[in-house]
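One structure is given here, and the rest of the page talks about it.
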2 protein chains.
Amino acid sequence: MIRISKKVEYALMALKFISNSDHKLVTAREISDTKSIPYDLLSKILQTLKNENILASNQGMNGGYFMNKRPDEIQLFNLMSVIDGDISIAECLNEKADKDCCLTDICSIKLPVSKLQKEVEELFKSKTISDFV
Amino acid sequence: MIRISKKVEYALMALKFISNSDHKLVTAREISDTKSIPYDLLSKILQTLKNENILASNQGMNGGYFMNKRPDEIQLFNLMSVIDGDISIAECLNEKADKDCCLTDICSIKLPVSKLQKEVEELFKSKTISDFV
DNA sequence: TTTATTGTGGACTAACATAGTCCTATTTCA
DNA sequence: TGAAATAGGACTATGTTAGTCCACAATAAA
């Protein structure tokens, strides 16, 4: 299935929300309530984004998150990598899987699939968060 | 995850195999053995392709499959639809899911996601089996 | 200094989709 | 009649995604 995961959807919604609340801290609870995103799940996502320096945070009372990069600096491709890990369109195209898979003579479609992979990557790299804000 | 399913990979390999064996019947067993694709699974895929008139078949002894369309008439997009069903990049973008999902005011990213969906579709429609043969 | 609020993060469970298997027809040719 | 082939339903196994639960740490306000 060719699908953007819920986590990436939630991340997009959260980043949009935070971007539009400029210069003020936004709590996970606030986003969760407003956008009906499960709180615990959203928290994990925001933490990931913080660890990747896309967001920054203040802990404690009156804490919250704020943007640490401009929306146009955050590629959709990067966001997806960070949240979902490997995003190759076929199992055999990620780095570690060079074992019994397509790389052998058996696989006849590796080249065109690699090409397609590149094109998908380009498409997702051409999108940034500013396209969603 | 943005990934082409194994079934679609197998379908591509099979279609390539059959295309390159022009004018002669090819059995599921032959493809399965040559390409190390699980026989039962491949059979299902070939049956689907036959029901979609991409392949045609002769039953019985000396039977097998043969192309019923030219490779350049078969879009990758179509192949994926036929084999995997819905291929929208987000749950809320397929036809039947207009319930509690993104269509409500809550979802802030529907428009840009729809746009991306269109672009992904265009990419996969621009590829045909002839790109893999 | 206590308490409420907020982020941090590990471990776990539930739900779902994908991949693969098993078994039984049915067709057709030799 | 029997072997080789497609046809197709039902089932199981595996892996991923989505979501939950819990304990802890940091901070500001009372």
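Chain naming here is simple, since letters A, B, ... match the order of the sequence lines and numbering starts at 1 in each. The model shown is predicted, which means the values in this text are computed figures rather than measured ones.
Proximity of B:S57 to the phosphate of D:dA5: no side-chain N or O atom is located under 4.0 Å from OP1 or OP2.
You'll find the side chain of A:E119 reaches within 4.5 Å of the side chain of A:L116, heavy atoms only. Side-chain contact between A:L76 and A:F132: present, with at least one pair of heavy atoms (C-beta onward) separated by less than 4.5 Å. Under the 4.5 Å side-chain criterion, counting only non-hydrogen atoms from C-beta, B:L15 is in contact with B:I54. Considering only heavy atoms from C-beta on, A:D84 stays 4.5 Å or farther from A:I4 through its side chain.
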For nucleotides 27-30 of chain D, which of its nitrogen or oxygen atoms have a protein nitrogen or oxygen under 3.5 Å away, and what is each distance?
residue: D:dT27; atom: O2; partner: A:M61; partner atom: N; Å: 3.0
residue: D:dA28; atom: O3'; partner: A:N62; partner atom: ND2; Å: 3.2

Is there any protein nitrogen or oxygen under 3.5 Å from a nitrogen or oxygen in nucleotides 19-24 of chain C, and what are the pairs?
residue: C:dA19; atom: OP1; partner: B:K6; partner atom: N; Å: 2.7
residue: C:dA19; atom: OP2; partner: B:K6; partner atom: N; Å: 3.4
residue: C:dG20; atom: OP2; partner: B:Y10; partner atom: OH; Å: 3.1
residue: C:dT21; atom: O4; partner: B:K44; partner atom: NZ; Å: 3.4

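What separates OH of B:Y65 from P of C:dT28 is a distance of 14 Å, to the nearest Å. Atom pair B:L25:CG and D:dA4:P shows a separation of 17 Å (rounding to whole Å applied). Across the protein-nucleic acid pair, A:L42 atom CG and D:dG19 atom P stand 11 Å apart, rounded to whole Å. Computed from coordinates, the A:K24 NZ to C:dT6 P distance equals 12 Å when rounded to whole Å. The distance between atom CZ of A:R3 and atom C1' of C:dT18, rounded to the nearest whole Å, is 14 Å. The CD-P distance, from B:Q47 to D:dG9, rounds to 9 Å in whole Å. Look at CG on B:L49: it is 13 Å from P on D:dT6, rounded to the nearest Å. Rounded to whole Å, the distance from CD on A:E30 to C1' on C:dG7 is 14 Å.
More than 12 heavy atoms of other shown residues, nucleotides or ligands fall within 6.0 angstrom of atom NZ in B:K16. A 6.0 Å sphere centred on NZ of A:K125 holds more than 12 heavy atoms belonging to other residues, nucleotides or ligands. The local environment of NZ in B:K127 is crowded, with over 12 non-hydrogen atoms from other residues, nucleotides or ligands closer than 6.0 Å.
Salt-bridge annotation for B:K118 and B:E122: absent, with no side-chain N of the basic residue lying under 4.0 Å from a carboxylate O of the acidic one.
Residues A:L12 and A:L41 fall within the same hydrophobic cluster, defined by Ile, Leu, Val, Met, Phe, Trp and Tyr side chains chained together at heavy-atom separations under 4.5 Å.
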